[in-house]
Each structure stands twice: as structure tokens, then as C-alpha cells.
Amino acid sequence: MAERKRRKLKLLAETINLDEKKATEEEESLKLQTWADLPVELLELILCHLTLEDNVRASAVCRRWHKVAVAIRVVNQSPWLMYFPKYGSLYEFYDPAERKTYSLELPELQGSRACYTKDGWLLLYRPRNHGVFFFNPFNRHMIKLPRFELTYQMVAFSDAPTSDLCVVFTIKHISPTVVAISTCRPGDSEWTTVNHQNRLPFVSSIWNKMVFCSGMFYCLSLTGWLGVYDPLLRAWSVLHVPPPRCPENFFAKNWWKGKFMAEHDGDILVIYTCNTETPIIFKLDHSEMVWEEMQTLNGVTLFASFLSSHSRTELPGAMRNVVYFSKVRFFGKRCISYSVDDRRYYPRKECHDWGEQDPFENIWIEPPRDASLN
């Protein structure tokens, strides 16, 4: 009996000593841990608040920090959403990255509506006198074009108007098999208009579905056919590419307004949305001449609006693989977005009936890197 008691006491003592040894080892291990041992999630949270310069410095600490720093490094700046007021000349700009809104008095734009944006420039139209002009709201430079009546045309331009390569392009269907294409360059005294025949039907829409990519203007028709215009050869054709295939429930009220088109690194992307349905993103396969549904954006961020849409890479981590739409909720604090990774809208259960929104209410525009409207 006494022997059994001694064995139990010895075993208990050994257990206590083992626990004390483990505790000591853990304490010593904690003392030896450095900033390089931070959990990846915490490290990402810290590094995402650094400037580009500080991010580069942090990436030199160790291999682990380098991997995380490069993964979340922000090189590009996101577009801002520019709002056109119904009255007055006070224009608002919403920055989705900072969730801040800035205001700017632009009396030069009174009585005009936006048509398209690219490289920080707006293409605008004054219906009252058919005035067409470029305007940069960040430096207030204006470049006028010859007067031209823009009624139901799709409109875009290839490059900034300060470039010799800049071409303004408009298209309007006269019949399903005939379109009128008008072009103009800064410095021209008049517009050039030519009617072109289509072998396939092409019906245009005022809600712009147009991009300039690899020297060509690509236009998506009301029913999903893809037209291409070469400004150098002045050649037009409708490609033998069947329209993107969507579920039948996408063809509901205002279905034709919930489509957006963007370009990224030579790829043509189309976004189809319909109320609460999950958006579908397609990419044109140039070799097979078919639309492929995309399951991931591979780190790209899309900014979709009626009149022009943009793409970006190397934005903050939380903004990647996301589509930002041209609608802001919660008193200007949150932009409606869709995460491709999470397969859901943010804010949750948020969707939008595009038929309720004025297409000329706002447009995405690219600010300069040093933009400050405070």
C-alpha cells in the first residue's frame, strides 16, 4: 500500500516537473519571437496601411515580410466616381479606396452631360447648342471639338485629347443592318460620317458598351453582338461571335441596362447583372471567337458604370477580384460592390435595379496620383 502511494507521488512530481519545463520552454520561445514571426493575417493588416515607399522598405526585412508586402502592395490608384448635379456647379468625387467624398466647383460644365472618360479626361456634350468638348476636372483644361448632334449614339475616344493618336468615335444604328459611324480628332474642323452595312444585326444603345483595345473600338450591341471598328482603315464589321449566354431569369425588366464592358491588358470583358442574381463576367476568347465565363478576376478590379468602365490591378488587397458599381450607399460611405471570391454583394443582400438610375448621374474617372481636392 505504501509502495503504491510512493509511486503515485513520484508520478505526480514528474508530471509537475514536465509541465513546468514546457511552460519554461514556451516562455523562452515567446521571448525569442520577433516581428518577423507575426501571423500573416496580422502582418497584412499592418502593411496595408503603409505608403508605397514604406511598403518597399518593409519588404526588405525578411523573406516572409517580402512575400506579404509584395502581395498587398498598392501601385495603382482606383478611379473616382464623379457625380453630375441636377442644379448648380458643385461636383462631387467619391474615392472608393478611402471612402471619402470631395467637392469641386466646375462652372465650365454647367448644362453639359458626360459621354465617356479616359486618362482623367471627360468627353462632354451640351444638348442646347450641340457643343462637344474635352475637359480635365483636375487641371481645368478644355479642348473643344466641332459641334455635333449627339442623340442616341454610343460614344468613346481612343486616347487622351493631348495625344496625336486621339480619335473620337460615335456609332448609331439606322437599321439593324446599317450603322452611321462618325469620327473626329482634336483640331479637325468637322466630323466625318460614313454609313456602313452589317452582315449581322447590330442595334446600338445610348448606354455605352464600348472600349478601345489594341487599336480597335469594340462595341456591344443591345442584344449582345460585338462590332469592331478600325479607325486607321475606317473599316467596320460585326464579328461572328454568338452573344454571351445568360440564364433566362436575366432577361427581366431593364435587363439591357445592367450590362457593362471593360478592357484589361488586351482582353475584352463584359459584365451581366440582373437584380439579385449573381453577376456573370465574360471574357472574349480571340482565338476561338467565343465568350468564356470567368470564375476569377486574377487580382483585377473592375469599375462599372453606364457610360464607361475601367479596370485596375495592384489595388489594396480587399479591393482585388471585386467589381465596383456606380452606386454609393450609407450616406456616401460605401460603394456597392461584388466580390468574385466571396460570391456575394457588399453590403450584404445589396442589389440594384439599373432601370431606376439616371445613366448621366455619374461616371468613373481616373484622378492623377497627386489628386487632392481638400
Side-chain angles (χ1 to χ4, degrees), residues 79-93 104-163 166-174 179-194 203-212 217 219-222 227 229 231 257 260-261 304-310 326 354 357-366:
W80 289 1
L81 193 59
M82 180 180 179
Y83 281 88
F84 282 71
K86 292 184 179 179
Y87 309 101
S89 57
L90 185 64
Y91 292 75
E92 291 187 340
F93 297 81
L104 195 61
E105 284 282 350
L106 297 171
E108 303 96 323
L109 304 188
Q110 278 193 297
S112 65
R113 61 173 173 82
C115 298
Y116 198 77
T117 64
K118 189 169 186 175
D119 298 333
W121 285 86
L122 291 158
L123 179 63
L124 301 116
Y125 175 64
R126 281 198 174 95
R128 181 173 296 180
N129 61 7
H130 305 315
V132 184
F133 62 101
F134 289 101
F135 185 79
N136 187 319
F138 304 105
N139 59 25
R140 304 182 90 120
H141 290 172
M142 181 185 291
I143 298 175
K144 293 185 177 181
L145 295 173
R147 295 183 189 277
F148 188 73
E149 185 175 1
L150 291 174
T151 51
Y152 297 101
Q153 290 97 324
M154 301 168 71
V155 188
F157 58 94
S158 61
D159 301 90
T162 51
S163 167
C166 179
V167 179
V168 182
F169 168 79
T170 80
I171 181 171
K172 179 176 69 173
H173 74 273
I174 296 175
V179 296
I181 291 178
S182 301
T183 58
C184 186
R185 297 175 182 270
D188 286 353
S189 58
E190 61 182 7
W191 291 73
T192 300
T193 301
V194 178
V203 178
S204 58
S205 166
I206 193 172
W207 327 109
N208 273 11
K209 311 292 183 293
M210 192 185 308
V211 295
F212 183 75
F217 287 100
C219 324
L220 195 70
S221 78
L222 194 64
Y229 180 74
K257 290 186 179 180
F260 308 91
M261 191 176 186
S305 65
F306 283 119
L307 302 178
S308 64
S309 299
H310 304 265
S326 56
W354 296 109
Q357 184 171 338
D358 180 357
F360 305 111
E361 176 184 319
N362 54 39
I363 193 169
W364 290 106
I365 186 170
E366 301 154 294

Q) Would Tyr83 and Tyr91 count as a ring pair (Phe, Tyr, Trp, His ring centres under 6.0 Å) if you check the C-alpha gap in whole Å, the side-chain angles of each, and the deciding distance to 0.1 Å? A) CA-CA 6 Å; Tyr83 281 88; Tyr91 292 75; over 10 Å; no
Q: Output all residues satisfying side-chain contact (heavy atoms from CB on, under 4.5 Å) with Ser158, sequence neighbours left out; order by chain, then residue number.
A: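 So Ser158 forms a side-chain contact (heavy atoms from CB on, under 4.5 Å) with Val167, Phe212, Phe217.
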Between [X] and [Y], what is the shortest heavy-atom contact and its length?
{"X": "Cys219", "Y": "Met261", "result": "N-CE, 4.4 Å"}
{"X": "Ser204", "Y": "Lys172", "result": "OG-CA, 3.6 Å"}
{"X": "Phe133", "Y": "Glu108", "result": "CZ-O, 4.3 Å"}
{"X": "Pro161", "Y": "Pro186", "result": "O-CG, 3.8 Å"}
{"X": "Trp364", "Y": "Pro79", "result": "CZ3-O, 3.7 Å"}
{"X": "Pro127", "Y": "Gly111", "result": "CD-O, 3.6 Å"}

Q.
If the condition is salt bridge (Lys or Arg N to Asp or Glu O under 4.0 Å), which residues does Glu92 pass it with, not counting sequence neighbours?
A.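 Salt bridge (Lys or Arg N to Asp or Glu O under 4.0 Å) check on Glu92 returns nothing, list empty.
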To the nearest 0.5 Å, what is the distance between [atom1] on [X] and [atom2] on [Y]?
{"X": "Lys144", "Y": "Phe135", "atom1": "NZ", "atom2": "CZ", "result": "12.0 Å"}
{"X": "Leu123", "Y": "Cys166", "atom1": "CG", "atom2": "SG", "result": "8.5 Å"}
{"X": "Ser182", "Y": "Phe169", "atom1": "OG", "atom2": "CZ", "result": "9.0 Å"}
{"X": "Leu124", "Y": "Phe134", "atom1": "CG", "atom2": "CZ", "result": "9.5 Å"}
{"X": "Met210", "Y": "Thr170", "atom1": "CE", "atom2": "OG1", "result": "7.5 Å"}
{"X": "Glu149", "Y": "His130", "atom1": "CD", "atom2": "NE2", "result": "4.5 Å"}

pair [X]-[Y]: side-chain heavy atoms closer than 4.5 Å:
{"X": "Val168", "Y": "Phe148", "result": "no"}
{"X": "Lys118", "Y": "Ser308", "result": "no"}
{"X": "Thr183", "Y": "Pro231", "result": "no"}
{"X": "Ser326", "Y": "Asn362", "result": "yes"}
{"X": "Tyr229", "Y": "Ile171", "result": "no"}
{"X": "Met154", "Y": "Val179", "result": "no"}
{"X": "Leu222", "Y": "His173", "result": "no"}

Q | Verdict with reasoning, Thr117 to Leu307, per side chain to side chain contact (heavy atoms under 4.5 Å, CB included) | A | CA-CA 8 Å; Thr117 64; Leu307 302 178; over 6 Å; no
Q: Report yes or no: do Gln153 and Thr151 form a side-chain donor-acceptor pair below 3.5 Å?
A: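 Yes - a donor-acceptor pair under 3.5 Å links their side chains.
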Donor-acceptor under 3.5 Å ([X] side chain, [Y] main chain):
{"X": "Arg126", "Y": "Gln110", "answer": "yes"}
{"X": "His310", "Y": "Glu366", "answer": "no"}
{"X": "Asp119", "Y": "Trp121", "answer": "no"}

Q. What do you reckon, is CZ of Arg140 surrounded by more than 12 foreign heavy atoms closer than 6.0 Å?
A.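 Yes, the 6.0 Å shell around CZ holds more than 12 heavy atoms from other groups.
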Q) How about Glu190: does its CD atom have over 12 heavy atoms from other parts shown lying under 6.0 Å from it? A)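 Result for CD/Glu190: open.
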Q: Decide yes or no on side chain to side chain contact (heavy atoms under 4.5 Å, CB included) for Trp191 and Leu145, but give the supporting numbers first.
A: CA-CA 9 Å; Trp191 291 73; Leu145 295 173; 4.3 Å; yes
**Q.** Pair Phe157-Tyr116, ring pair (Phe, Tyr, Trp, His ring centres under 6.0 Å): steps then yes or no
**A.** CA-CA 8 Å; Phe157 58 94; Tyr116 198 77; 5.5 Å; yes
Q: Let me see the working for Leu106 and Met82 under side chain to side chain contact (heavy atoms under 4.5 Å, CB included), right down to the final yes or no.
A: CA-CA 12 Å; Leu106 297 171; Met82 180 180 179; 4.0 Å; yes
Q: Might you work through the side chain to side chain contact (heavy atoms under 4.5 Å, CB included) test for Ile363 and Leu122, ending with a clear yes or no?
A: CA-CA 9 Å; Ile363 193 169; Leu122 291 158; 4.0 Å; yes
